[in-house]
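Index from 1, following the sequence.
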Amino acid sequence: MGSFEFLNSLAILHAAQLVTLAGAKRPRVGAEMSDLAIIRDGGMRINDGKIDSVGSSDEIEKNADDAEIVDADGQVILPGFVDAHAHPVFAGDRLDDFERRTRGETYEQIAAAGGGIWSTVEKTRAASEIDLFEQAKKHASWFLKCGKTTVEAKSGYGLTGDDELKILRVIRRLNDETPLEFVPTFLGAHAIPHEDRQSPERYVDLVINEMLPRVANEKLAEFCDVFCEQGYFDIEQSREISTAAKKLGLKLRIHADQLSNSGGAKLAGELKATTADHLEKTEDQGIAAMKSGGVQPVLLPGSVYALGSTCYPRAREMIEAGLAVVIATDFNPGSSPSPSMLMMLSLACRQMKMSPAEAISASTINAAHSLGRGDKIGSLEPGKFANFSIFDCKDYRELAYWFGFSQADSIYVRGERVCSGGLRPSPKN
Ligand code: NIG
Ligand code: FE
């Protein structure tokens, strides 16, 4: 969003619930996740893209001066969702995999038969940077419509130096040319490419000695991620890659314990990674390791649902252990083809026993902290960017209750309305 100008003055009035998530300046844990700091009949004063004050509509209206008034008309306002785990840049789709899954084949069987991540890699390698950008721009417009204003974006469908950098440059361009903020993550260690099937060590070496230095030199990523899993990158390889990335100044995220309890969460704890993601198979030891390493768990219920599994991660135990849980979409063409945070809220509440308030903390303030942006986004507090959505409902719990469509009426980034869901046919003045 580099080229957008945000120099406005707005007074937002009459939100039935202004869900501020005001609170401690750190990720929320335990009972804090249930405290959304809601202001009834709330309002906000916004100057130059930032929140100036938050309070009752009456107070805000009194000090509105010459600000443009936006009447939220009894709807619900939330901070823009922060999607802390997504793979938005790829070519094509995985409709054939999807159909095979409907016939009962598993993710692993489909990958072994030539589908899976590898089939997306082949298409992504063949695509030009321009074509990839065009497809990713479409994904970005879906994200906005769902009420997301910040999205983490991983590479990982190139698996050569040039192709991984091509994807990271597309991510940079998305950040510059769309209203969304994209946070780039290098995921060269997403799969062993077919040309290195017989010599995986050669590929690990390439990631460490060619790709990572180029990524760091060109400042194309803030984080490094590894798919730590049997048949992908084992614990030792994941440790080597992550350690090399850390030395180059990248922060760490790890795809951990998705298909098997292979020690990924423990490794994340040992390396003091920022996040460990997935965790469907993580047990007590992994939870304890994340706690002692200060790791935030990023739970991805969309991938469990779309793979037809019922093995959801143990969100309750993680919250009870005091971990600052995050919920994200894992948007990708294979295991989680959904851009919708609202769908994730529904899954979190119905399949992972989280309350609506916990799920909202996990997809806003905690997600923002997991991306190193907890001081700028994730809650509606003075000094933060005015990134928020107005939803066509009266109670925030409706967001997780009604499912299968977006209740977003309009989305604001830095005080600018960037998207209208059009649920209310004639906009108010
Ligand atoms: O997070 N687990 C590895 N990576 C993705 C899936 C990517 C794909 O299937 O294309 C995930 O689920
Ligand atoms: Fe993923």
Side-chain angles (χ1 to χ4, degrees), residues 1-15 17-26 36-39 41-73 75-83 140-141 143-152 172-184 222 364-365 367-369 371-391 408-421 427-429:
M1 50 164 172
S3 56
F4 289 78
E5 291 248 340
F6 302 95
L7 295 168
N8 50 359
S9 187
L10 285 183
I12 316 285
L13 305 175
H14 304 305
Q17 297 181 336
L18 185 77
V19 181
T20 69
L21 287 116
K25 294 185 191 318
R26 53 168 173 73
L36 300 183
I38 294 171
I39 303 173
D41 193 16
M44 277 190 292
R45 173 68 197 250
I46 292 160
N47 287 331
D48 297 343
K50 287 197 175 154
I51 299 170
D52 181 68
S53 52
V54 174
S56 71
S57 264
D58 283 351
E59 283 162 17
I60 300 294
E61 196 165 13
K62 264 188 235 144
N63 300 311
D65 306 322
D66 52 357
E68 182 190 333
I69 305 283
V70 175
D71 185 352
D73 195 23
Q75 300 181 89
V76 170
I77 297 184
L78 249 81
F81 287 123
V82 177
D83 192 349
S141 76
F143 298 162
L144 267 184
K145 281 183 199 148
C146 300
K148 299 196 291 205
T149 51
T150 308
V151 177
E152 188 252 11
R172 178 175 277 178
R173 213 176 140 197
L174 287 172
N175 191 52
D176 289 344
E177 297 183 26
T178 74
L180 283 149
E181 180 173 22
F182 284 90
V183 180
E222 291 181 30
T364 54
I365 188 69
H369 279 286
L371 294 177
R373 282 157 172 75
D375 56 338
K376 294 191 175 66
I377 55 170
S379 64
L380 302 175
E381 295 178 272
K384 287 199 169 181
F385 289 129
N387 293 357
F388 62 93
S389 302
I390 305 180
F391 289 98
D409 184 59
S410 36
I411 322 296
Y412 288 75
V413 171
R414 302 199 186 182
E416 203 72 44
R417 188 162 84 158
V418 292
C419 183
S420 171
K428 305 264 167 198
N429 293 312

Exercise. Out of Thr150, Leu21, Val19, which residue meets the side-chain contact (heavy atoms from CB on, under 4.5 Å) rule with Thr364?
Worked result: Leu21
Problem set entry | CD on Glu222 to CG on Leu371, rounded to 0.5 Å | 8.0 Å
Exercise. Testing Lys376, Arg414, Arg373 for side-chain hydrogen bond (donor to acceptor under 3.5 Å, both in side chains) with Glu181, which one passes?
Worked result: Arg373
Exercise. Do the side-chain N and O atoms of Asp41 and His14 include a donor-acceptor pair separated by under 3.5 angstrom?
Worked result: yes
Exercise. Quick one: does Ile377's side chain get under 4.5 Å of Thr149's, heavy atoms only?
Worked result: no
Exercise. Is there a side-chain contact between Leu13 and Ile69 (heavy atoms, below 4.5 Å)?
Worked result: yes
For this session: Please round to the nearest 0.5 Å and tell me the distance separating atom CG of Leu78 and atom CG of Leu18.
Result: 9.0 Å
Exercise. Hey, does Lys145 have a side-chain heavy atom less than 4.5 Å from the side chain of Cys419?
Worked result: yes
Seminar exercise, completed: dist Ile12:CD1 -> Asp71:CG (nearest 0.5 Å) comes out at 10.0 Å
For this session: Report yes if the side chains of Leu380 and Ile77 come closer than 4.5 Å at any heavy-atom pair, otherwise no.
Result: yes
Exercise. Do the ring planes of Phe388 and Tyr412 sit parallel (below 30°), tilted (30 to 60°) or perpendicular (above 60°)?
Worked result: parallel
Problem set entry | Minimum heavy-atom distance Ala67-Ala11, with the two atoms named | CB-N, 3.9 Å
Exercise. If you round to the nearest 0.5 Å, how far is OG1 of Thr20 from CD of Glu381?
Worked result: 6.5 Å
Exercise. Can you tell me if Arg45 and Ser9 form a side-chain donor-acceptor pair at under 3.5 Å?
Worked result: yes
Exercise. Is any side-chain heavy atom of Asn8 closer than 4.5 Å to a side-chain heavy atom of Glu68?
Worked result: no
For this session: Looking only at non-hydrogen atoms, find the nearest pair between Pro79 and Gly378 and report the distance.
Result: CG-O, 3.7 Å
Exercise. After noting the C-alpha distance and the side-chain angles of Val413 and Leu180, does the key distance pass the side-chain contact (heavy atoms from CB on, under 4.5 Å) rule?
Worked result: CA-CA 8 Å; Val413 171; Leu180 283 149; over 6 Å; no
Exercise. Between Lys50 and Gly415, is there a donor-acceptor pair closer than 3.5 Å when you use the side chain of the first and the backbone of the second?
Worked result: no
Exercise. Taking atom CG of Leu10 and atom CD1 of Ile60, what is their separation to the nearest 0.5 Å?
Worked result: 12.0 Å
Problem set entry | Side-chain heavy atoms of Met44 within contact of Ser53, under 4.5 Å | no
Exercise. Say you draw a straight line from CZ of Phe81 to OG of Ser389; how long is it, rounded to the nearest 0.5 Å?
Worked result: 7.0 Å
Problem set entry | Charged tip of Lys148 within 45° of Phe143 ring normal and under 6.0 Å | yes
For this session: Show your working on side-chain contact (heavy atoms from CB on, under 4.5 Å) between Arg417 and Ile411 and close with a plain yes or no.
Result: CA-CA 6 Å; Arg417 188 162 84 158; Ile411 322 296; over 6 Å; no
For this session: Indicate yes or no: at least one non-hydrogen side-chain atom of Pro179 is less than 4.5 angstrom from one of Leu144.
Result: yes
Exercise. Would you say the side chain of Ile39 lies within less than 4.5 Å of the side chain of Val54, judging by non-hydrogen atoms?
Worked result: yes
